[in-house]
Every structure is written in C-alpha cells, then in structure tokens.
Amino acid sequence: MKYKKYFRKTSLKQKNIGNLFLNIIKQKNPKSFLEIGVFHGVTARNVCELMFKNHGDNFNYIGIDIFDESNNYKNEVVPSKTFNNPIKTFYFKYIKKQNPYSLIAVEDLLSKFKKNIKLIEGDTNKIFHNIDLKNIDFIFIDGGHDYKTVKNDLEQSYKIINKTGTILCDDWNLSQALGVREAIIDFSRERNVNYEIVHERFAQFNLS
Ligand SMILES: C[S@@+](CC[C@H](N)C(=O)[O-])C[C@H]1O[C@@H](n2cnc3c(N)ncnc32)[C@H](O)[C@@H]1O
C-alpha cells in the first residue's frame, strides 16, 4: 500500500517517508491504533485503510488532537495550517467549506470508517490520563513537540499499551524540536525500555 496525501497536509510528506511508515505498521499489524496529533487526518486515513485491508471491519483507530488555532501552543512546534497551493485553499474554503484542521473535517475524511474510529479533541497533558484506551497495540506519538508533552505522552502510553505493543515516536531527528529526542532518552533510561531509531526519523519502542 502506498501512503496517500488526500489533498491535505501531513508531517509524513517527504518523499517515501509515508511509505516507510506504513511498512512499519504493516509489519506490526495492529488492530487497535492510537495516534497522538492527528492534524489533517492524512496518517489516520492511511492507517485505517491499512488496518481495513488486513482486518476487515475488526479494527479501531483513536486520534487525539488539540485542534487549536490560537498561539497558546506555540512551544509545541505545530505545523503551519496554510497551504502553499492556492487550489487547496480554494477547495477547502469554497467547495468543502471546511477547515481541514478540525475534528469535523477529519471525521469527514474518515467517514468510510465511521464505526471504527474515535476522535478526541484536547491537550494530552490534560486529558490523556482520563481516557479509557483498552487493548491498544500501537501508539504513534506525533502531537506536541515540547519536552514535557512528549515525556507525558510516552509515560501515559506506557501505562495503557498492551505489553506486547509498539510505541513509535516521530521526529527523533527534528532539529527545531530537540525536546523530542531528550524526552525519548530520559523515558528510556527511567523506565529501562529500549528503543531503536528507524529510518533516522522514528524512535520505536518494542515492548514485547
Ligand atoms: C506534526 S502534527 C501531526 C501530524 C500527523 N500525525 C500526520 O501524520 O500528518 C502535530 C499535531 O499535534 C497537535 N498537538 C500539539 N500539541 C498537542 C497537545 N498538547 N495535545 C494534543 N495534540 C497536540 C497539533 O495540533 C498538530 O495537529
């Protein structure tokens, strides 16, 4: 399966990185996937397509995002929400009449999998510990990029994930967000769990 962009923005935009990401998911073959940091929902849709291909209707996807346009989260290194391509701006403003960075628009993109998905709007620093997330076997951490947020996302993920599951952290090598790398190193040392760096970009914790 090839990673598709669905006319939206995604952090897995560089040539081939989306395909490499899907290959990791394919190898692990999860049935219950949690993504922290949904953004326009492009990765969500790709992951749902892959799980549908592998498990039919027997899968679930949960996504969490702040969906917040204010300046309150500038420490989190949130990607730019504007399109460089004016056709995309036109398409969302006048045809879809949607903000692609919103729970409603992501729900729309995932409408094919309505029964299998759950989207949650909120800051993981505030809500993660309250959410009931049973039987999750793969967590993709790609939300806030501040040290404190990534550390919390890792700690909470470690508590809820099925102990044979996988936690994959994006942006190990992102120079604008060194807190990501620091949080991964500290979490690994404090919890005594190993990780490997995959395609120079992802930190993968295999818990089994
Ligand atoms: C890099 S983008 C995610 C990209 C997406 N995973 C993809 O593959 O296209 C990071 C997302 O994390 C969200 N975010 C930032 N801080 C957050 C927080 N504290 N809690 C939840 N989501 C957060 C942002 O709103 C943004 O949509």
Side-chain angles (χ1 to χ4, degrees), residues 1-25 30 33-51 61-83 88 92 98-107 109-110 117-131 133 138-157 160 167-181 183 198-199 201-203:
M1 238 187 80
K2 285 228 158 28
Y3 188 90
K4 293 192 196 152
K5 293 190 185 152
Y6 297 97
F7 215 52
R8 287 157 173 82
K9 293 184 91 166
T10 169
S11 59
L12 302 182
K13 60 183 175 292
Q14 285 101 333
K15 207 166 179 273
N16 219 23
I17 197 73
N19 292 333
L20 294 171
F21 169 83
L22 283 183
N23 265 334
I24 299 172
I25 311 296
F33 192 100
L34 169 65
E35 180 178 23
I36 300 169
V38 174
F39 196 46
H40 286 193
V42 175
T43 294
R45 174 71 186 264
N46 278 279
V47 166
C48 286
E49 293 285 356
L50 181 60
M51 289 196 290
Y61 166 93
I62 300 169
I64 308 175
D65 202 294
I66 45 177
F67 295 117
D68 187 312
E69 305 255 28
S70 73
N71 247 347
N72 296 345
Y73 288 91
K74 57 177 185 303
N75 292 345
E76 302 285 23
V77 197
V78 177
S80 150
K81 323 254 173 16
T82 51
F83 290 110
K88 292 187 182 178
F92 280 101
Q98 268 178 357
N99 173 0
Y101 174 63
S102 66
L103 191 133
I104 287 177
V106 176
E107 248 167 21
L109 180 64
L110 303 181
I117 65 146
K118 184 175 175 188
L119 293 172
I120 300 164
E121 184 164 333
D123 177 342
T124 49
N125 290 301
K126 298 182 185 148
I127 61 162
F128 204 164
H129 64 283
N130 282 330
I131 303 175
L133 300 161
F138 199 107
I139 301 180
F140 180 43
I141 299 182
D142 190 21
H145 284 45
D146 191 40
Y147 172 90
K148 177 175 73 61
T149 305
V150 180
K151 188 80 185 325
N152 176 62
D153 288 346
L154 281 164
E155 288 292 345
Q156 298 301 328
S157 297
I160 56 125
I167 300 173
L168 190 72
C169 245
D170 195 15
D171 292 328
W172 162 264
N173 58 348
L174 187 67
S175 55
Q176 305 95 291
L178 294 174
V180 173
R181 184 179 286 220
V198 186
H199 309 308
R201 168 162 179 155
F202 303 105

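Each ligand, and each atom within it, is numbered from 1 in the order the structure gives. The model shown is predicted, which means the values in this text are computed figures rather than measured ones.
- T124 and Q156 share no donor-acceptor pair across their side chains, judged by distance under 3.5 Å alone.
- Looking only at atom types and distance, the side chain of S11 has a donor-acceptor partner in the side chain of D142 under 3.5 Å away.
- Note that CD of E107 is 10.0 Å distant from CD of Q98, once rounded to the nearest 0.5 Å.
- With rounding to the nearest 0.5 angstrom, the NZ atom of K9 is 7.0 Å from the CZ atom of F83.
- Residues meeting the salt bridge (charged side-chain N to carboxylate O under 4.0 Å, His left out) test with D170, sequence neighbours left out: R201.
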Can you produce the list of protein nitrogen or oxygen atoms under 3.5 Å from a nitrogen or oxygen of ligand 1, alongside each distance?
{"from": "ligand 1", "atom 1": "6 (N)", "to": "E35", "atom 2": "OE2", "distance (Å)": "2.7"}
{"from": "ligand 1", "atom 1": "6 (N)", "to": "G37", "atom 2": "O", "distance (Å)": "2.7"}
{"from": "ligand 1", "atom 1": "6 (N)", "to": "D142", "atom 2": "OD2", "distance (Å)": "2.8"}
{"from": "ligand 1", "atom 1": "8 (O)", "to": "S11", "atom 2": "OG", "distance (Å)": "3.4"}
{"from": "ligand 1", "atom 1": "8 (O)", "to": "T43", "atom 2": "OG1", "distance (Å)": "2.5"}
{"from": "ligand 1", "atom 1": "9 (O)", "to": "T10", "atom 2": "OG1", "distance (Å)": "2.9"}
{"from": "ligand 1", "atom 1": "9 (O)", "to": "S11", "atom 2": "N", "distance (Å)": "3.2"}
{"from": "ligand 1", "atom 1": "16 (N)", "to": "G144", "atom 2": "N", "distance (Å)": "3.3"}
{"from": "ligand 1", "atom 1": "19 (N)", "to": "E76", "atom 2": "OE2", "distance (Å)": "3.4"}
{"from": "ligand 1", "atom 1": "19 (N)", "to": "D123", "atom 2": "OD1", "distance (Å)": "2.9"}
{"from": "ligand 1", "atom 1": "20 (N)", "to": "T124", "atom 2": "N", "distance (Å)": "3.0"}
{"from": "ligand 1", "atom 1": "20 (N)", "to": "T124", "atom 2": "OG1", "distance (Å)": "3.4"}
{"from": "ligand 1", "atom 1": "22 (N)", "to": "I66", "atom 2": "N", "distance (Å)": "3.4"}
{"from": "ligand 1", "atom 1": "25 (O)", "to": "D65", "atom 2": "OD1", "distance (Å)": "2.6"}
{"from": "ligand 1", "atom 1": "25 (O)", "to": "Y101", "atom 2": "OH", "distance (Å)": "2.6"}
{"from": "ligand 1", "atom 1": "27 (O)", "to": "F39", "atom 2": "N", "distance (Å)": "3.4"}
{"from": "ligand 1", "atom 1": "27 (O)", "to": "D65", "atom 2": "OD1", "distance (Å)": "3.4"}
{"from": "ligand 1", "atom 1": "27 (O)", "to": "D65", "atom 2": "OD2", "distance (Å)": "2.7"}

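- Within a 6.0 Å sphere centred on CD1 of I127, heavy atoms belonging to other residues, nucleotides or ligands number more than 12.
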